[in-house]
Colleague: 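Shown below is the structure under consideration.
Order of the sequence lines sets the chain letters (A, B, ...), proteins ahead of strands, with each chain counted from 1.
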2 protein chains.
Amino acid sequence: MAEALATKHTQNQLRTINDALAEGRFVSVRKLLHSLQPSDVALLLESSPTKTRDELWELMDSDYHSDVIEELSEEVRNGIISKMMPSMVVDALEEMDTDDLAETLSTLPDEVLQDILQSMDTQDRHRAEQALAYGEDTAGFIMNTDTITLRADVSVDVVLRYIRLKGELPENTDTLYVVNRTDNLMGLIPIVRLLTADTDQTIQEVMVDEAEAIPVDMPEREVASLFERYNWLSAPVVDDKGRLVGRITIDDVVDIIREDAEHSMMSMAGLDDEEDTFAPVLQSTKRRSVWLGVNLITALMAAAVSDMFEATLSQLAVLAILNTIVPSMGGVAGNQTLTLVIRGMALGHVNQDNSRYLISKELAIGFFNGVIWAVLIATVIALWKQDYMLGVIIAFAMMMNMVAAALSGATLPLIMKKLKIDPALAGSVILTTITDVVGIFAFLGTATLFLL
Amino acid sequence: MAEALATKHTQNQLRTINDALAEGRFVSVRKLLHSLQPSDVALLLESSPTKTRDELWELMDSDYHSDVIEELSEEVRNGIISKMMPSMVVDALEEMDTDDLAETLSTLPDEVLQDILQSMDTQDRHRAEQALAYGEDTAGFIMNTDTITLRADVSVDVVLRYIRLKGELPENTDTLYVVNRTDNLMGLIPIVRLLTADTDQTIQEVMVDEAEAIPVDMPEREVASLFERYNWLSAPVVDDKGRLVGRITIDDVVDIIREDAEHSMMSMAGLDDEEDTFAPVLQSTKRRSVWLGVNLITALMAAAVSDMFEATLSQLAVLAILNTIVPSMGGVAGNQTLTLVIRGMALGHVNQDNSRYLISKELAIGFFNGVIWAVLIATVIALWKQDYMLGVIIAFAMMMNMVAAALSGATLPLIMKKLKIDPALAGSVILTTITDVVGIFAFLGTATLFLL
């Protein structure tokens, strides 16, 4: 063992499968698929066009479906489930843990979900309804319910014998929980503690009684940030009466941390954060068009501002040529501030107390940026166009726009957060509109005053 | 216990400290600081302006320094260490695990590192040099060396007694490793397995012998993606001869996953991914100016393209007014494709085999986008400016630019990856240059041909 293998190995396997599929060697494909780990099969499906995806799914034994579905990203998973027979889906769901079941069911389109629920027997339907009982994106939604609980008055020895008799613990169990008669969480015991403790001691004596529990309705992002901040591997989940209802393990949290961090980038480009890289063309076109439509409106607004200066532009074509420079620089500078503030908010660095300081700091940067680029652009334009007045005018506009960019970049996310709008989604487009309008207005307006 | 506490609680604590500091109640600040967890103190420091940061650090007992330094982000950490006396830094470093020591030392500015190494005694310096022996951002760099190793021929009972005698296991130990005489990794035993196994069995009989080991020189991003894909909690690290040299635990990997996911967003805005939200004004101004300078050059390039059509613009001011619409739409559409491809590459979905398919898919989306927005903009312009020919011309330019945007958005990251340039860093600016130039050229060029 200990063969140092890596992603390269996996990539070679995936290539072999693709080649076999292209050559129609379906028996080999089938064999190869079944030799892979579920997460590798998921990667293969996510890296394939939808047509290939469906072919591969057909070739796979239905025993593997459940494990692979668990590993797929939302959009790819929904695409596959929607094409499966409801009864096949029900079979696959039966083998899932509560948290994976909740995740899988909750994101399905409504009609597909109804079809599946109707194909279930009473027991399965009950389990599905339980999994869906907690709000999406809460601690209850991502928790597992297979906790091992102990009473405080038994001895370590008894617990050790109980575990050995049981023969197996639920996956990723690193902690046992101590509860009283009414299931209230009293403390917890890391498994390792059982190995080092004196076997005659009682659980009461060896348990950690100051551990923190997660309320079942805590948003999953807050859960993730607690795990990240305190380096937890698992944590108990309690209801509003302090009763233990489940546990959350780090492997579920890792996905949330990645999604959370990716979310801002995807949103800032107007892409849904779950977007499938290989989604069908028409579906992608339709999705992206919303964002392009919003941008068209802002571009037309900028054009309308220029339109107010038609007389100026028709007399001085050079203004038309230079008209894009100031808005462009403002957009870039503003987006730097915006990105920094959005990230700072996501990491919990930006709060009510320091936001005023942050705004003044960004304004100062905007001012210095303004001075630097105003001087530079004035020099370039004065030399290029041999017109010093034009240089002074563009410098003034640059100065104005850099300050406006810093101010909007720093305040927009804070304002939007108060209005409960996702700053990553709409911040960038509003910012660009502001820097376009201010930039054009400052440049063409000043030019109209001084050059005509 | 089990008080369901949360980030809100922490935020209140942080506010209390800020208030106490503002009112000069230093004794309270000191007391409050020492009552917090190290990661909360780190959050407080990261959320404070540099001046407040220094004051807080001064007030803190030096016993706490080591734990807090471990939790700080690179830039904030370096700022604080650079201002500390080298001998104080040495004291703080003494208590760190190898992986934290390596991380802390490796990012320090060279002169600070030299000062610190010179203040160390021989033993500490040897330890520091060992920590820095592996390349930054490799498995060896993030691993811990405090593994517990066993021989295959001993019985479970002996191991259990050994652990109980030892009384404590290294932090986050969930697995013990089985090695032979030459330290070659033979297998591993999850701690839980020791609790459920028959105590008379030998380690050989109960160990997992097909586990994967991470080569010591594997890049940390690859390590993170393995942990993420296979839901590992820890993994052994081996050298090129298969000898066990350490272990990596999930809590170290979580930070890498977040940094990795954030990296693209920060780079696309031209920000260093470690940038401190509260960095001093002049430092931030200087850093961001590189990106703004690059953007100024591209803005001037776009202006130079417009300049070629000065004669056209001076005859038809309406062209000047509409000149920004087509480049703007191309930039947005191209950035959507670019972002999607960069993310797909980061997740391992995009590879050599499917990149041709991806390009043709994005081209198809670009074509459809082109048709949709060409028709729409033509209608708007024809109605607004009462000029049908103008509508046709802008539609043609839009069509051209949308296809160019899709083509560059899909191919640029692939080309840049081959050239070993970070696509997130330079992709966006090159893309915008292309869509600006193509957009202006297509619009003003066609207008010159047909309207003059």
Colleague: Go through the atoms of B/Thr432 and report whether side chain, backbone, both or neither lie under 4.5 Å from a heavy atom of chain A.
Modeller: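 Contact with chain A involves no heavy atom of B/Thr432 at all.
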Colleague: Using heavy-atom distances under 4.5 Å, tell me whether A/Met402 contacts chain B through its side chain, its backbone, both, or neither.
Modeller: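 For A/Met402, side-chain heavy atoms alone lie under 4.5 Å from chain B.
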Colleague: Can you tell which part of B/Thr337 gets under 4.5 Å to a heavy atom of chain A, answering side chain, backbone, both or neither?
Modeller: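 Answer is both: backbone and side chain atoms of B/Thr337 are under 4.5 Å from chain A.
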Colleague: Out of curiosity, A/His349 NE2 to B/Phe278 CZ, how far, rounded to the nearest 0.5 Å?
Modeller: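 Output value for this atom pair is 8.5 Å.
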Colleague: I'd like to know if the side chain of B/Asp251 reaches the main chain of A/Asn231, judged simply by a donor and an acceptor atom lying under 3.5 Å from each other, with no hydrogens or angles considered.
Modeller: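 Not a single qualifying donor-acceptor pair exists.
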Colleague: Could you grab the distance from atom CD of B/Gln352 to atom CG of A/Asn18, nearest 0.5 Å is fine?
Modeller: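 Answer for the CD-CG pair, B/Gln352 versus A/Asn18, is 12.5 Å.
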Colleague: A/Asn295 and B/Ser328: side-chain donor and acceptor closer than 3.5 Å?
Modeller: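 Note: A/Asn295 and B/Ser328 side chains meet the donor-acceptor criterion.
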Colleague: Out of B/Ala311, B/Ala279, B/Gly331, return the one with the most heavy atom pairs under 4.5 angstrom to chain A.
Modeller: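 Ranked by heavy-atom pairs under 4.5 Å with chain A, first place is B/Ala279.
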Colleague: Side chain, backbone, both or neither: which part of A/Asn335 has a heavy atom under 4.5 Å from chain B?
Modeller: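 Interface part for A/Asn335: backbone (N, CA, C, O).
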Colleague: Sort out for me which of B/Gly293, B/Ala346, B/Pro280, B/Gly366 touches chain A most, counting heavy-atom pairs under 4.5 Å.
Modeller: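 Winner by heavy-atom pair count: B/Gly293.
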Colleague: Quick one: which of A/Leu296, A/Leu169, A/Asp198, A/Asp19 has the most heavy-atom pairs under 4.5 Å with chain B, could you say?
Modeller: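 The answer is A/Leu296.
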Colleague: Measure the OG-CD1 distance between B/Ser284 and A/Ile365 for me, rounded to the nearest 0.5 Å.
Modeller: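 B/Ser284 atom OG to A/Ile365 atom CD1 measures 4.0 Å (nearest 0.5 Å).
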Colleague: Which answer fits A/Lys286, side chain, backbone, both or neither, if we ask what part of it has an atom under 4.5 Å from a heavy atom of chain B?
Modeller: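 Contact with chain B is absent: no heavy atom of A/Lys286 under 4.5 Å.
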Colleague: What part of A/Glu168 gets within 4.5 angstrom of chain B, counting heavy atoms only: side chain, backbone, both, or neither?
Modeller: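 Contact with chain B is through the backbone of A/Glu168 alone.
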Colleague: Can you tell me which of B/Asn184, B/Ile163, B/Asp307 forms the most heavy-atom pairs within a distance under 4.5 Å of chain A?
Modeller: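 Maximum pair count with chain A is reached by B/Asp307.
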Colleague: Looking only at atom types and distance, does a side-chain atom of B/Lys361 sit under 3.5 Å from a main-chain N or O of A/Thr277, one as donor and one as acceptor?
Modeller: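 It does hold such a pair.
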Colleague: Select one option (side chain, backbone, both, neither) describing which atoms of A/Gln315 are under 4.5 Å from chain B's heavy atoms.
Modeller: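 No part of A/Gln315 comes within 4.5 Å of chain B.
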Colleague: Looking only at heavy atoms and a cut-off of under 4.5 Å, which of A/Val192, A/Leu338, A/Thr324 has the most pairs with chain B?
Modeller: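 Option with the greatest count: A/Val192.
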Colleague: Distance-only, no hydrogens or angles: does the A/Ser39 side chain make a donor-acceptor pair with backbone N or O of B/Arg229 under 3.5 Å?
Modeller: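 Yes, the answer is positive, given that a donor and an acceptor are paired below the 3.5 Å cut-off.
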Colleague: How long is the span from the CD1 atom in B/Ile250 to the CG atom in A/Asn172, to the nearest 0.5 Å?
Modeller: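 These two atoms lie 9.5 Å from each other.
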Colleague: Which bit of A/Ile372 comes within less than 4.5 Å of chain B, counting heavy atoms only: side chain, backbone, both or neither?
Modeller: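 The side chain, not the backbone.
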Colleague: What do the steps show when you test A/Asp40 against B/Tyr230 for side chain to side chain contact (heavy atoms under 4.5 Å, CB included), and what is the final call?
Modeller: CA-CA 9 Å; A/Asp40 290 329; B/Tyr230 300 121; 2.8 Å; yes
Colleague: Any heavy-atom pair between the side chains of B/Leu313 and A/Val318 that's under 4.5 Å?
Modeller: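 A/Val318 does not reach B/Leu313 side chain to side chain.
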Colleague: Out of A/Gly344, A/Ser48, A/Ser289, A/Ala42, return the one with the most heavy atom pairs under 4.5 angstrom to chain B.
Modeller: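 Top option by heavy-atom pairs under 4.5 Å: A/Ser289.
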Colleague: Can a donor-acceptor pair be found, under 3.5 Å and without considering hydrogens, that links the side chain of B/Arg164 to the backbone of A/Ala197?
Modeller: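 Yes, the answer is positive, given that a donor and an acceptor are paired below the 3.5 Å cut-off.
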Colleague: Which bit of A/Met268 comes within less than 4.5 Å of chain B, counting heavy atoms only: side chain, backbone, both or neither?
Modeller: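 It is the side chain, since no backbone atom gets that close.
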Colleague: I would like to know whether A/Leu300 and B/Ile377 meet side chain to side chain contact (heavy atoms under 4.5 Å, CB included); could you show each step before the answer?
Modeller: CA-CA 9 Å; A/Leu300 284 170; B/Ile377 192 69; 4.1 Å; yes
Colleague: Relative to chain A, which of B/Phe227, B/Tyr357, B/Phe309, B/Phe368 shows the most heavy atom pairs under 4.5 Å?
Modeller: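 Most heavy-atom pairs under 4.5 Å with chain A: B/Tyr357.
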Colleague: Heavy-atom pairs under 4.5 Å with chain A: which of B/Leu160, B/Val223, B/Leu292, B/Ile257 has the most?
Modeller: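 The residue among B/Leu160, B/Val223, B/Leu292, B/Ile257 with the greatest pair count is B/Leu292.
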Colleague: Side chain to side chain contact (heavy atoms under 4.5 Å, CB included) between A/Lys166 and B/Thr196: does it pass, once the steps are laid out?
Modeller: CA-CA 8 Å; A/Lys166 210 170 162 357; B/Thr196 54; over 6 Å; no
Colleague: Any idea which of A/Gln37, A/Met329, A/Glu71 has the most non-hydrogen atom pairs under 4.5 angstrom with chain B?
Modeller: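 Maximum pair count with chain B is reached by A/Met329.
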Colleague: Once rounded to the nearest 0.5 Å, what's the spacing between atom CD1 of B/Ile440 and atom CD1 of A/Ile321?
Modeller: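 Result: 10.5 Å between the selected atoms.
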Colleague: Below 4.5 Å from any heavy atom of chain B, which atoms of A/Leu244 appear? Answer side chain, backbone, both or neither.
Modeller: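 Contact with chain B: none, neither part.
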Colleague: For the residue pair A/Ala269 and B/Thr339, what are the closest heavy atoms and their distance?
Modeller: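 Nearest pair, atom of A/Ala269 first, then B/Thr339: CB-OG1, 3.4 Å.
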Colleague: Look at A/Ile342, A/Leu340, A/Val305 and state which one has the largest set of heavy-atom pairs under 4.5 Å with chain B.
Modeller: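 The option with the most such pairs is A/Leu340.
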Colleague: Name the region of A/Val380, side chain, backbone, both or neither, that has any atom closer than 4.5 Å to a heavy atom of chain B.
Modeller: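 It is the side chain, since no backbone atom gets that close.
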Colleague: With a 4.5 angstrom heavy-atom cut-off, could you sort out which part of A/Trp232 is near chain B: side chain, backbone, both or neither?
Modeller: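 Answer is neither: A/Trp232 stays 4.5 Å or more from chain B.
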Colleague: Ignoring hydrogens and geometry, is there a side-chain-to-backbone donor-acceptor pair from A/Asn354 to B/Ser47 under 3.5 Å?
Modeller: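 Pair found, side chain donor or acceptor close to backbone of B/Ser47.
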Colleague: Quick one: which of A/Asn323, A/Asp174, A/Leu358, A/Asp255 has the most heavy-atom pairs under 4.5 Å with chain B, could you say?
Modeller: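 Result: the option with the highest number of such pairs is A/Leu358.
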Colleague: B/Arg343 side chain to A/Glu262 main-chain N or O, any donor-acceptor pair under 3.5 Å?
Modeller: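 Such a contact is absent between B/Arg343 side chain and A/Glu262 backbone.
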Colleague: As a quick check of understanding, evaluate salt bridge (Lys or Arg N to Asp or Glu O under 4.0 Å) for B/Arg258 and A/Asp260, giving each step before the final call.
Modeller: CA-CA 9 Å; B/Arg258 172 170 282 282; A/Asp260 189 25; 3.4 Å; yes
Colleague: Hey, which of B/Val350, B/Thr52, B/Leu347 has the most heavy atom pairs under 4.5 Å with chain A?
Modeller: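 Among the listed options, the one with the most contacts to chain A is B/Leu347.
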Colleague: State the CG-OG1 distance between B/Leu233 and A/Thr249, to the nearest 0.5 angstrom.
Modeller: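 Those atoms lie 7.5 Å apart.
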Colleague: Step through the shown structure and confirm whether more than 12 heavy atoms of other residues, nucleotides or ligands are within 6.0 Å of CD on B/Glu310.
Modeller: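 Count over threshold, so yes.
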Colleague: What pair of heavy atoms forms the shortest contact from B/Ala299 to A/Ile325, and how long is it?
Modeller: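 Residues B/Ala299 and A/Ile325, closest heavy atoms: O-CG1, 4.0 Å.
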